[in-house]
Amino acid sequence: MMQSGMDLSQLDPRAAKATSVQALDESATNVEPQALKITAASSNPKMFTLPWHMPLATWPQELLANLPRGISRHVVRFVHVGDEVYAMKEITRQVAEREYEMLRRLEKLELPCVTPIAVVTGRHDREGEPLEAILVTKHLKFSLPYRALFARNLRPDTAERLIDALAVLMVRLHLAGFYWGDVSLSNVLFLRDADAFSAFLVDAETGDLQMTLTEGQREYDIDLARTNIIGELMDLSSGKLLPGDVDEIEVGNRLVDRYHSLWSALTDTDKFNPDEMWKIEKRVNKLNELGFDVDELEMKTAEDGKRILVRPRVVDAGYASRKLLRLTGLDVQENQARRLLNDLDAYRASTWREGEEIEIVATDWMREVFEPTTRMIPREYRSQIEPAQFFHEVLTHRWYLAEQVGHDVPMAEAVQSYIESALPKYKLDQKAVDALNEEADSGVVDDEYTYNDPDDDGYNPDDDPDAAVWSH
């Protein structure tokens, strides 16, 4: 965990200046605020109208958004705050401040994590009794916890695709110097990204941000991730949510292999002869294909003077997404961006406009292709699927239709067919959401309203060393 005495000058200036909140060391004498204090990165005035005097577990139903929650040791609720939906987590003041501080720093480094909104301390009930602090983050729209994904009829390789996304997330965090300390599927939210997934860190309680990580720190994170993931998948299997042919241990090993492969591609030093400089471009192109920009290369002559050593010094994720954002203003995931750019290129070729400026062609593609297609998303699904994901899946569906009939299918016809035959899989019915949230609440161990259960057998997960792996 980040210590309060850490020299912030060692960090990237964006992270060092990210927030005024600096959590105190838990061992320090710390007087709780006597009055409500909200430190917010948002100017949403509705924040001040919420019932902060009530334990989160008892907040009025009309304030709550019934969205699937992941398993947590703390009380978590999704709350309507004006036009926004925020995730509220009730935890101790020190942990709330530390996590808010950490998420602010990660956000400033443009790393994939939930957006911190506020930390609320100094809470008291009507009788003046102190209540725990609340960490407020913005709900990541269209995202789902891993258990909600497996509650639907998904492809058999879903587990592998989630693991690939988690490997990318871990590499990005480690490159930035973030030691996670509690890696698991439960601490991640997933967004669909074309035929893959993107992973976002949602729990930074145990994290620590440093200049660089040692190999030992990285390997500890990887080993912990493997152990936790195997356990989580076995839990899914026991609940009949995991396809029977999935080998949980093999999936856990896949994370290790994918992580090391990507880390090597991003950090290894290549050796070239002076007449092989074209290989530098090949290396950069390979990193671009993986979704990374190379902002800086370090090149120097080897000791024998006959070879050139080349190593990426600064890599940044989002190669395709930044290009699409520049051309169209669409802010989407990396694989979605790659698919949309491919369709833009196909549009450019089919309209015989290869010699025209791409920015002009992109404007016409948006107006004539992308926007008319995404406007056809039925109203009841607009909160279920991103427009870019909808467009990608319609393109895939159109290709299959054309293959079946042996000729091109009009876009409008493909959209209608997709809506009728494929889109309903995105609907997570209320019964499934309620079951997921009931299961999520079963892991809560710090809610005083769970302590008065007459059937309580006295078991406390904090006293069970084996429970630590499962209760995140």
Side-chain angles (χ1 to χ4, degrees), residues 68 70-73 112 143-175 178-193 195-203 205-207 213-267 290 335 435-436 439-440 442-443 461 464-472:
I71 294 176
S72 172
R73 297 186 67 187
S143 68
L144 287 171
Y146 79 101
R147 297 189 73 91
L149 287 167
F150 283 101
R152 301 174 173 181
N153 293 321
L154 294 177
R155 286 165 36 181
D157 65 346
T158 296
E160 286 84 354
R161 291 186 292 148
L162 295 183
I163 291 307
D164 291 347
L166 181 56
V168 173
L169 174 62
M170 288 182 66
V171 166
R172 290 188 62 184
L173 293 173
H174 285 174
L175 284 171
F178 179 75
Y179 168 72
W180 198 334
D182 191 16
V183 190
S184 70
L185 292 174
S186 298
N187 289 337
V188 176
L189 287 174
F190 293 95
L191 278 177
R192 287 178 179 81
D193 184 8
D195 290 325
F197 287 96
S198 293
F200 289 75
L201 179 143
V202 72
D203 192 325
E205 285 183 27
T206 58
L213 299 184
T214 66
E215 183 178 353
Q217 288 172 315
R218 293 192 299 106
E219 290 298 327
Y220 180 84
D221 257 357
I222 298 165
D223 185 61
L224 180 62
R226 176 185 176 276
T227 301
N228 284 347
I229 287 164
I230 290 172
E232 288 168 321
L233 293 179
M234 286 181 173
D235 186 39
L236 285 177
S237 182
S238 67
K240 309 296 184 186
L241 292 176
L242 197 66
D245 59 348
V246 173
D247 184 327
E248 299 91 344
I249 294 177
E250 185 178 310
V251 173
N253 292 338
R254 179 188 178 96
L255 173 71
V256 179
D257 293 340
R258 292 287 292 171
Y259 174 93
H260 286 139
S261 175
L262 184 55
W263 184 267
S264 176
L266 292 171
T267 62
L290 290 171
N335 292 313
L436 287 165
E439 183 178 23
S442 70
D464 182 353
D466 294 327
V469 174
W470 316 113
S471 50
H472 298 288

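If you're wondering where the values come from, they're calculated on a predicted model, not measured in any experiment.
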Val251 and Glu232: CA distance, side-chain angles, deciding distance, side chain to side chain contact (heavy atoms under 4.5 Å, CB included) verdict: CA-CA 11 Å; Val251 173; Glu232 288 168 321; over 6 Å; no

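- Although no hydrogens or angles enter the test, the distance criterion places no donor-acceptor pair under 3.5 Å between the side chain of Ser198 and the main chain of Ala165.
- Residues Arg258 and Leu262 form no side-chain contact, since every pair of their non-hydrogen atoms from C-beta on lies 4.5 Å or further apart.
- For the pair Ser186 and Val202, the tightest heavy-atom approach, listed with the atom from each and the gap, is O-CG1, 4.3 Å.
- Contact detail for Leu255 and Ala225: the closest heavy-atom pair is CD2-CB, 3.4 Å.
- Taking both residues in full, the closest heavy atoms of Asn335 and Ala196 are given as ND2-CB, 3.4 Å, listed atom of the first, atom of the second, then distance.
- Without hydrogens or angle criteria, Thr267 side chain to Trp263 main chain gives a donor-acceptor distance under 3.5 Å.
- Closest approach of Leu290 and Ala265 over heavy atoms only: CD1-CB, 3.9 Å.
- Atoms CG and NE2, on Leu266 and His174 in that order, are 13.0 Å from each other to the nearest 0.5 Å.
- By the 4.5 Å heavy-atom criterion applied to side chains, Asn228 and Asp182 are counted as neighbours.
- When side chains are defined from C-beta on, Ser184 does not count as touching Ile229, because their heavy atoms never get closer than 4.5 Å.
- Summarising the geometry, atom CD1 belonging to Ile230 is positioned 8.5 Å from atom CG belonging to Asp247; distances are rounded to the nearest 0.5 Å.
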Verdict with supporting geometry, Asp235 and Arg147, side chain to side chain contact (heavy atoms under 4.5 Å, CB included): CA-CA 10 Å; Asp235 186 39; Arg147 297 189 73 91; 2.9 Å; yes

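- Interatomic distance, Thr158 OG1 to Leu241 CG, rounded to the nearest 0.5 Å: 12.0 Å.
- By the salt bridge (Lys or Arg N to Asp or Glu O under 4.0 Å) test, Arg254 pairs with Asp164, sequence neighbours left out.
- Between atom CG of residue Asp245 and atom CD of residue Glu250 there is a gap of 10.0 Å, rounded to the nearest 0.5 Å.
- Counting only heavy atoms from C-beta outward, the side chains of Pro68 and Leu144 approach each other to under 4.5 Å.
- A 4.5 Å side-chain heavy-atom check between Leu169 and Phe200 finds every atom pair outside the cut-off.
- Using a 4.5 Å heavy-atom threshold, the side chains of Phe150 and Leu162 count as touching.
- Atom CZ in Phe178 sits 10.5 Å away from atom CE in Met170 (nearest 0.5 Å).
- Sorted by first and then second residue, the salt bridge (Lys or Arg N to Asp or Glu O under 4.0 Å) pairs involving residues 221-230 (not counting sequence neighbours) form an empty list.
- Atoms CG and CH2, from Asn187 and Trp180 in turn, are 6.5 Å apart once rounded to the nearest 0.5 Å.
- Minimum heavy-atom separation, Ser143 to Leu189: OG-CD1, 3.6 Å.
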Chi angles and distances behind the side chain to side chain contact (heavy atoms under 4.5 Å, CB included) call for Arg192, Arg161: CA-CA 10 Å; Arg192 287 178 179 81; Arg161 291 186 292 148; over 6 Å; no

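- When all heavy atoms are compared, the tightest approach of Ile71 to Glu439 is CG1-O, 4.4 Å.
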